[in-house]
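Here is the structure we will look at.
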Number of protein chains: 2
Amino acid sequence: MSTAKGRKPAAGEGNPLLLQSVARTMSVLEAFAGQPRPLSIAELAAAAGLDKSAGQRIAHTLQALGYLERSSVGLVPGKKALYRAFDFLRMNALVESATPVLHELRKSVNERVDLSLLDGTDIVYAVRLQSKRETFSATLVGRRLPSFCSTGGRAMLAALPEAEALGILEASDRRPLTPRTTTDIPAILGKIEEARRCGYALAIEESALGEIVLAAAVLDIHQRPVAAIHVAGSLSEWAEDGFRQRISPLVMEAARALSHTYKRG
Amino acid sequence: MSTAKGRKPAAGEGNPLLLQSVARTMSVLEAFAGQPRPLSIAELAAAAGLDKSAGQRIAHTLQALGYLERSSVGLVPGKKALYRAFDFLRMNALVESATPVLHELRKSVNERVDLSLLDGTDIVYAVRLQSKRETFSATLVGRRLPSFCSTGGRAMLAALPEAEALGILEASDRRPLTPRTTTDIPAILGKIEEARRCGYALAIEESALGEIVLAAAVLDIHQRPVAAIHVAGSLSEWAEDGFRQRISPLVMEAARALSHTYKRG
DNA sequence: TTCGACCGTATCGTATGGCGATACGGCCAA
DNA sequence: TTGGCCGTATCGCCATACGATACGGTCGAA
């Protein structure tokens, strides 16, 4: 998503050792992204950009392997997807070192704490520690958001060279998530500039209504942003000033504790 | 893992429309399961049962697609794995209907609540709602445990015909997870029988020390178990009797509320 | 320093594995 | 019934991936 997505991989387009069979396989798994309901074999093939025969064979094989399952109304991703995500989290050095820090932070602030990772123009939630009385967990681990409209994303953009941040903004899908999402590039740049000054980013109801979120970036040894730590509170309990004063030092300290421990994004 | 894992898929061994290229691709991704550290290309190929050339090509392609990433010491799974797990959770009808029920339950019991799914001889954690003061989240979504030693697994085994449950027990890897794990088949069958009588399963320190867990099975419309709801408490705060009396009715009610809403495992 | 082992990378002729057009039976709605 | 779309199955051809092989770099032990 974040990079090339040529219509037809055409085997070796660009790199001679890129296998089209692998790309086709993964494109079938990716075909579910954003789909509201299970897919038939034909729909799956179409969504993956394959003809019916190829879709049929790949889907059957993936089903036999547990990466696809039949539901009553079509095919859905299979449980094996969870195992692979578990492997990712387990082998990720940053997630590993972040876990105790995040728990500590969560204990201090008593609000929801998230760790997100930068991936191209987007961020992905990698760890979520719920707050005590959270009833909506519409957002889950693995959820992807454009970086411009999430606090964590803006904190990370602020740690990039201005030109690079601008490039990401321009390449992003800037549809608003809530009525209060900032979608205007100069305005976003202003907020990024503010984040650069403060050392953290703050957003009110830009990705979910009723929510105030504060985040700071985690940097690798080259001073490049690789992740962000978020704390989310409810507007029914927090005013902006109080949230800033109480939360920001803790989040920045946690982010600083994790920075430079990580080699490469 | 739960089914066949022939040394060499040999294209069409068994089913004529099974694609070996797909199986090879996924076997590279699966090679990380259980590995303690990043893998070199050669190690990855060996773990996937491929020669160096095939491993090289597949790994490079997967890396280009974001399913593999380079760390300082080798290859690790890539962020895309999280997206696929998110798709699974988002499109899973049971997870969707379970979410509000689990939150309700968590509010009532104020302890950790999990939803696990049955997958062959194992269970997978699909949803986890932490308790207020949980400091260790060693277990994560996507973690797989043998069903015999988890409460949820035993609750589900109790809902299967006895012969089938026995088959799963015999096929399971019955290494103990803690000193208190029950690994003796007759003893496990006894606990399953108890679960069948009570309508829920209970285990004390069988999968983690200091933990008492109670679980009830969720059944599909054919009365077959597809999932389980767990509540986990700390032994420093709960005695067995109190835990049973306080927690079991709530867990059973939540499991009943979800049962029969789901078509097929 | 000099090996040797192992790393990642790259090349290339070959044969095999998957391509995709095609066909069939079942089901549902018109 | 008819027509559409479903999932399934077949089959000959050729493009695709195979895998043996080779090369330069790096690291540790000799």
Side-chain angles (χ1 to χ4, degrees), chain A residues 6-29 31-32 35 37-65 67-78 263-264, chain B residues 6-29 31-32 35 37-65 67-78 263-264:
Chain A
R7 271 301 116 187
K8 290 197 175 175
E13 171 190 301
N15 190 324
L17 58 115
L18 244 61
L19 303 193
Q20 75 154 209
S21 64
V22 173
R24 286 179 168 206
T25 300
M26 301 323 289
S27 78
V28 167
L29 293 175
F32 290 99
Q35 298 288 348
R37 53 192 185 81
L39 298 176
S40 71
I41 289 190
E43 290 170 326
L44 187 56
L50 302 172
D51 63 46
K52 194 181 151 189
S53 289
Q56 172 194 18
R57 285 187 297 257
I58 296 174
H60 272 109
T61 308
L62 287 173
Q63 189 189 334
L65 296 173
Y67 288 94
L68 251 42
E69 290 175 12
R70 288 185 175 287
S71 83
S72 45
V73 283
L75 293 167
V76 291
K263 274 267 174 58
R264 260 245 154 271
Chain B
R7 272 300 116 187
K8 288 197 174 174
E13 172 189 303
N15 189 324
L17 58 116
L18 243 62
L19 303 193
Q20 74 154 210
S21 65
V22 173
R24 287 177 169 207
T25 301
M26 302 322 288
S27 78
V28 167
L29 294 176
F32 290 99
Q35 298 287 349
R37 51 190 188 81
L39 299 176
S40 71
I41 288 188
E43 290 170 325
L44 187 56
L50 302 171
D51 63 45
K52 196 182 150 188
S53 290
Q56 172 193 21
R57 284 187 297 258
I58 296 174
H60 272 109
T61 309
L62 286 173
Q63 188 189 334
L65 295 173
Y67 288 94
L68 251 41
E69 290 175 11
R70 286 186 176 288
S71 84
S72 44
V73 282
L75 294 167
V76 291
K263 274 267 172 60
R264 261 241 156 271

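Below, all heavy atoms of this structure are taken into account, side chains as well, without hydrogens, waters or symmetry copies. Below, chain A is the first sequence line, B the second, and so on; all start at residue 1.
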Mind listing the closest non-hydrogen atom pair of [X] and [Y] along with its distance?
X        : Y        : result
Val76(B) : Phe32(B) : CA-CE2, 3.8 Å
Ala31(B) : Leu39(B) : O-CD1, 3.9 Å
Ala45(A) : Gly55(A) : CB-CA, 4.0 Å
Leu50(A) : Ser27(A) : CD1-OG, 4.4 Å
Ala54(A) : Arg24(A) : CB-NH1, 3.9 Å
Gln35(B) : Ala47(B) : NE2-CB, 4.1 Å

Do the side chains of Leu75(A) and Glu69(A) get nearer than 4.5 Å, heavy atoms only? no
Give every pair of a protein N or O atom and an N or O atom of nucleotides 20-23 of chain D that lie under 3.5 Å apart, one pair per line with the distance.
{"unit_1": "dA20(D)", "atom_1": "N7", "unit_2": "Ser53(B)", "atom_2": "OG", "d": "3.4"}
{"unit_1": "dA20(D)", "atom_1": "N6", "unit_2": "Ser53(B)", "atom_2": "OG", "d": "3.0"}

In whole angstrom, what separates [X]'s [atom1] from [N]'s [atom2]?
X        : N       : atom1 : atom2 : value
Leu19(A) : dA15(D) : CG    : P     : 18 Å
Ile41(A) : dC5(D)  : CD1   : C1'   : 13 Å
Arg24(A) : dG18(C) : CZ    : C1'   : 9 Å
Arg70(A) : dT8(D)  : CZ    : C1'   : 10 Å
Ile58(B) : dT9(C)  : CD1   : C1'   : 17 Å
Leu50(B) : dG19(D) : CG    : C1'   : 12 Å
Leu18(B) : dT8(D)  : CG    : P     : 13 Å
Gln20(B) : dG19(D) : CD    : P     : 8 Å

On DNA chain D, more 5' by nearest nucleotide between Glu43(A) and Ser21(A) is Glu43(A)
Terminal helix-axis angle for the helix from dT1(C)-dA30(D) to dA30(C)-dT1(D), with five pairs defining each axis and rounding to 10 degrees: 40°
Polar-atom pairs under 3.5 Å, protein N or O versus N or O of nucleotides 28-30 of chain C: list them with distances, or write none.
none

Can you name the residues that form a side chain to side chain contact (heavy atoms under 4.5 Å, CB included) with Leu65(B), not counting sequence neighbours? Val22(A), Ala23(A), Met26(A), Thr61(B), Tyr67(B)
With sequence neighbours left out, the residues meeting side chain to side chain contact (heavy atoms under 4.5 Å, CB included) with Ser21(A) are Leu19(A), Ser21(B)
What pairs meet the salt bridge (Lys or Arg N to Asp or Glu O under 4.0 Å) rule with one or both residues in residues 51-63 of chain A, with sequence neighbours excluded? none
Side chain to side chain contact (heavy atoms under 4.5 Å, CB included) between Val73(B) and Arg37(B), worked out: CA-CA 8 Å; Val73(B) 282; Arg37(B) 51 190 188 81; 6.0 Å; no
